[in-house]
Visitor: 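Please read through the structure below; I'll follow up with questions.
One-based numbering, in listed order, for ligands and for the atoms of each.
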Amino acid sequence: MVSRVIPVEPFDLVIFGGTGDLARRKILPGLFRRFVAGQIEPEARIIGAARSELDDAGYRAFVGEAIADFGGNETRQKKKLKSFLDMLGYVTVDAKGDTGWEELAERVTDDRIRAFYFSVGPGLFGDLAKRLHKHGMADAQSRIVVEKPFGRDLESARDLNRGLAQHFDESQIYRIDHYLGKETVQNLMAVRFGNMLFEPLWNSQYVDHIQITVAETVGVGDRGGYYDKSGAMRDMVQNHMMQLLCLIAMEPPAKFDPDAVRDEKLKVIRALDPVEKDDLVRGQYEGDGTQPGYRNQVENRDSTTESFVALKLHISNWRWAGTPFYLRTGKRLRERASEIAVVFKDTPHSIFGPEAGNHRNILTIKLQPNEGIELGVTIKEPGPGGMRLVDVPLDMTFAEALGPEEADFPDAYERLIMDVIRGNQTLFMRGDEVEAAWAWTDPIIAGWQDRGDVPLAYTSGSSGPDDALMLMHRDGRRWREIKA
Ligand code: NAD
């Protein structure tokens, strides 16, 4: 069974920062894959807009190379590639000056959906919005897509929101969090709200705790300059992990509609308690002989920026009072693995006696490397050994359950860009959500800055500092093993 792809209506998409790393690795190859899948029709137009001096032909050559490098299997479709490249154009534009704006305004069509992707640093968001307005491109047909980081604290996020709101309505602003574009993240909503089985158990009466892990094996690499000013809390927790937390903890929205979903997510963030200092562990990786340590990869050799953070959270509402949420994320960890685990409570009484051991149902939502959902259930160990119990996974790894074609779903960026064209904001962050997440994050960061906390060193390839293990052990719980 192969799902039918419904083409989106022809559109104009302008990619500011169209020669940048994100455009090259994700946006352009993703658009090409949607074109090959038949979702984008040849009448659509994609215009790169950046500072580099290029013409249309030069940009097509640039994009051809990007697709060869990052396009995946679809790159073999030479005819399609040529038709795709024919849809591309380029205008040299300066976000902070007048260069290129009139030409750009002439190139985009009045009677179509117009999307402007701000794939540039946040310092340029306000300038771009202002100039789009000045040159008549900020009308009702237009929408803008903005990348992370959306600010570095509440004040800067408010400034960004204000700058955009001067020229665009909230319904025209699409703030990207690519985690929300992942198939499994959406499946989380389908599993929760499309089945009778889970929702009655989805509360503190039946759920012991929830763990969210986003583990990377890479270090900061050549992004040290950016990362050292940000750290794991700003780079991962405030946005991606907060979004995952919201989807797992929110109340059922009345309908699957952008504002209904986002209203419920916002309530979760607003119900978060402040984090106590003892419920927070920060770490920084050390070199391991073959790979340099964090401080050797950033300019400031005494940097106290965290490359790892673990924390315990409480959501103060009826559903979750008493169920802790444990979050951890870090670089240079043992494996690249991201998952959410909903750990249910023990059965109230074991009829099998103490020798049967402790068994718990765990629902695991795996985000990477392989997306899928797994439910651990307890059954009798097969064989003549008596009533011995064993936990086995009911595995819903998509590739196995649905067949390779069905599981070959679009990358998060592809899906999100198509949602922009379709005008569906469900998987994008609303301005008030982002501000609420910063309002919760800021005091945590201010707390460790005021105390002068220094992150704990951890060995590359480990599962982070030992104190992160203690965060769970002292509650009689333990982290799930980080494994791909
Ligand atoms: P980059 O430095 O590789 O590219 C920046 C682009 O902006 C270039 O095309 C450059 O020409 C253009 N630009 C810079 N100043 C300009 C100006 N005054 N006028 C017009 N164009 C200008 O950056 P990137 O890695 O592609 O990142 C773009 C944005 O996406 C950033 O906000 C970044 O934080 C975000 N982001 C990037 C990644 C990634 O994997 N690269 C991932 C998530 C978010």
Visitor: Check whether more than 12 heavy atoms from other residues, nucleotides or ligands sit under 6.0 Å from atom CD of Glu65, and answer yes or no.
Guide: no

Visitor: Is the closest side-chain donor-acceptor distance between Asp419 and Tyr174 under 3.5 Å?
Guide: no

Visitor: Need the ligand 1 atom indices (1-based, order shown) with element for anything under 4.0 Å from a heavy-atom of Ser119.
Guide: 28 (C), 29 (C)

Visitor: Near Pro149, which atoms of ligand 1 are under 4.0 Å from a heavy atom of that residue?
Guide: 34 (O)

Visitor: Among all protein heavy atoms in this structure, tell me which lies nearest to atom 42 (C) of ligand 1, with the distance rounded to 0.1 Å.
Guide: Leu22 CD1, 3.8 Å

Visitor: What protein heavy atom is closest to atom 14 (C) of ligand 1, reported as residue, atom name and distance in Å?
Guide: Arg51 NH2, 3.6 Å

Visitor: Heavy-atom contacts under 4.0 Å between Leu124 and ligand 1: side chain, backbone, both, or neither?
Guide: side chain

Visitor: Cation-pi check for Phe150 against Arg175: NZ or CZ below 6.0 Å from the six-membered ring centre and within 45 degrees of the axis, yes or no?
Guide: yes

Visitor: Determine if the distance from atom 26 (O) of ligand 1 to the closest protein heavy atom is below 4.0 Å.
Guide: yes

Visitor: Regarding ligand 1, does Gly20 bring an N or O atom to under 3.5 Å of one of the ligand's N or O atoms?
Guide: yes

Visitor: Please report which non-hydrogen protein atom sits nearest to atom 33 (C) of ligand 1, along with the residue it belongs to and the distance in Å to one decimal place.
Guide: Lys148 O, 3.6 Å

Visitor: Any side-chain donor-acceptor pair under 3.5 Å between Thr213 and Glu339?
Guide: no

Visitor: Checking side-chain polar atoms at under 3.5 Å, does Asn187 have a donor or acceptor matched by the opposite partner on Thr184?
Guide: no

Visitor: With the threshold set at under 4.0 angstrom, would you say Arg25 reaches ligand 1 through any of its heavy atoms?
Guide: yes

Visitor: List every atom of ligand 1 that sits less than 4.0 Å from any heavy atom of Asp94, numbering the atoms from 1 in the order shown and giving each element.
Guide: 17 (C), 18 (N), 19 (N)

Visitor: Measure the distance from atom 9 (O) of ligand 1 to every protein heavy atom, then report the residue, atom name and distance (to 0.1 Å) of the closest one.
Guide: Thr19 OG1, 2.7 Å

Visitor: State whether the shortest distance between N or O atoms of Ala95 and N or O atoms of ligand 1 falls below 3.5 angstrom.
Guide: yes

Visitor: Does CD belonging to Gln449 count more than 12 external heavy atoms closer than 6.0 Å?
Guide: yes

Visitor: Classify the contact between Glu147 and ligand 1 as side chain, backbone, both or neither, using a heavy-atom distance cut-off of under 4.0 Å.
Guide: side chain

Visitor: Check for me whether the distance between the ring centres of Phe308 and Tyr458 falls short of 6.0 Å.
Guide: yes

Visitor: In the protein, what heavy atom is nearest to atom 23 (O) of ligand 1, and what distance, to one decimal place, separates them?
Guide: Asp21 N, 4.4 Å

Visitor: Give the residue, atom name and distance (to 0.1 Å) of the protein heavy atom nearest atom 6 (C) of ligand 1.
Guide: Gly17 CA, 3.5 Å

Visitor: What do you reckon, is CD of Glu251 surrounded by more than 12 foreign heavy atoms closer than 6.0 Å?
Guide: yes

Visitor: Determine, considering heavy atoms only, which of Val120, Leu54, Val93, Thr92 sits nearest to atom 7 (O) of ligand 1.
Guide: Val120

Visitor: Judged by modelled atom types alone, do His240 and Lys148 share a side-chain donor-acceptor pair under 3.5 Å?
Guide: yes

Visitor: State yes or no: are the ring centers of Phe325 and His314 separated by less than 6.0 Å?
Guide: no

